[in-house]
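See below for the structure under consideration.
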Amino acid sequence: MKILKKLLLLILVVFIIAQFFGPEKNEGDIATVDAFLADTNPPENVQLILKNACLDCHSDHTRYPWYNNITPVNYWLASHVNDGKKHFNVSKWNDYSDKKKDHKLEELAEEVKEGHMPLPSYTWTHSDAKLSKEQIEAVENWVKMARVQYIFSKEPQ
């Protein structure tokens with residue numbers, strides 16, 4: 001019994017000390033998404049969907065929930081954000097070629113339509129990120145319109 005108490009005390013001490021450490025936060029300027037929004041021109045309802053369901057993990061600006069201050073949760077969230085940005089980062093939109101922009105928009109629509117995005121673990125704590133059928137259709141329609149400019153720019157001259 002003494003060993004168990006000592007072990008629990010050690011775990012508690014390690015947990016408390018761990019609270020003073022954490023990963024780097026993704027706290028860039030939200031204005032970095034402006035080029036993406038200007039280029040793809042989403043309607044207001046789709047902009048709201050992007051803000052609530054996409055941009056925290058797919059831009060250089062994350063709105064962190066209160067529980068991000070708890071280690072090891074903050075490392076888990078940082079991993080999600082870094083992985084999301086690795087696959088698609090709207091803050092880097094101007095760095096993408098037209099072909100890549102078209103492909104990223106196509107992937108965005110597919111991931112949303114198939115229910116892979118936003119991640120279920122994100123929607124557990126962000127109820128406004130859980131997309132309705134109508135919202136999914138709105139994203140799909142916007143993507144179709146936004147892709148037109150990139151599809152035609154890929155054609156040979």
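The chain is numbered in sequence order, starting from 1. Quick note: numbers below take in every heavy atom, side chains included, and nothing from hydrogens, waters or symmetry partners.
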Check: Any side-chain heavy atom of Val90 sitting closer than 4.5 Å to one from Tyr96?
Finding: no
Margin query: Quick check: is Leu50 connected to Leu131 through a chain of hydrophobic side chains (ILVMFWY, heavy atoms under 4.5 Å apart)?
Written below: yes
Check: Going from CG on Asn82 to CG on Asn89, what distance comes out if it is rounded to the nearest 0.5 angstrom?
Finding: 10.5 Å
Next item on the list: Identify, with sequence neighbours excluded, every residue that meets ring pair (Phe, Tyr, Trp, His ring centres under 6.0 Å) alongside His87.
Entry: none
Checklist line | Greater than 12 external heavy atoms within 6.0 Å of Ile3's CD1 | finding: no
Item checked: Co-membership, hydrophobic cluster, residues Leu77 and Ile70, 4.5 Å side-chain -> yes
Donor-acceptor pairs are to be reported for all side-chain atoms of residues 5-13 against protein atoms at under 3.5 Å, with residues two or more places apart or in another chain.
none

Check: Which distance, rounded to the nearest 0.5 Å, do you find between the CD of Glu134 and the CG of Asn141?
Finding: 12.0 Å
Next item on the list: Could you pull out all residues at least two apart from Tyr122 that satisfy ring pair (Phe, Tyr, Trp, His ring centres under 6.0 Å)?
Entry: His126
Note to self: Tell me which pairs pass side chain to side chain donor-acceptor pair (under 3.5 Å) where either residue lies in residues 23-33, with sequence neighbours left out.
What the structure shows: Asn26-Thr62, Asn26-Lys85, Thr32-Ser91
Check: Can you list every pair that meets salt bridge (charged side-chain N to carboxylate O under 4.0 Å, His left out) and has a residue in residues 106-123, with sequence neighbours left out?
Finding: Lys104-Glu107, Lys113-Glu140
Margin query: Is there a side-chain contact between Leu105 and Met145 in this structure, where contact means two heavy atoms from C-beta onward sitting under 4.5 Å apart?
Written below: no
All N/O donor-acceptor pairs, side-chain side in residues 37-45, below 3.5 Å, sequence neighbours left out:
unit_1 : atom_1 : unit_2 : atom_2 : d
Asp39  : OD2    : Trp93  : NE1    : 2.8
Asp39  : OD2    : Lys101 : NZ     : 3.4
Asp39  : OD2    : Tyr150 : OH     : 2.4
Thr40  : OG1    : Phe36  : O      : 2.7

Check: Residues in side-chain contact (heavy atoms from CB on, under 4.5 Å) with Trp124, at least two apart?
Finding: Pro120, Ser121
Notebook entry, point to check: In chain order, what residues pass the salt bridge (Lys or Arg N to Asp or Glu O under 4.0 Å) check against Lys92, with sequence neighbours excluded?
Noted result: Asp60
Notebook entry, point to check: Under the side-chain contact (heavy atoms from CB on, under 4.5 Å) test, which residues partner Pro23, sequence neighbours left out?
Noted result: Asn74, Tyr75, Ala78
Margin query: By the salt bridge (charged side-chain N to carboxylate O under 4.0 Å, His left out) test, which pairs, at least two apart or in different chains, include something from residues 67-77?
Written below: none
Notebook entry, point to check: Residues in salt bridge (Lys or Arg N to Asp or Glu O under 4.0 Å) with Asp83, at least two apart?
Noted result: Lys86
Margin query: Holding to side-chain hydrogen bond (donor to acceptor under 3.5 Å, both in side chains), I want the full list of residues that pass it with His80, two or more places apart in sequence or in another chain.
Written below: Trp76
Checklist line | Euclidean distance, Met117 CE relative to Leu108 CG, rounded to 0.5 Å | finding: 9.5 Å
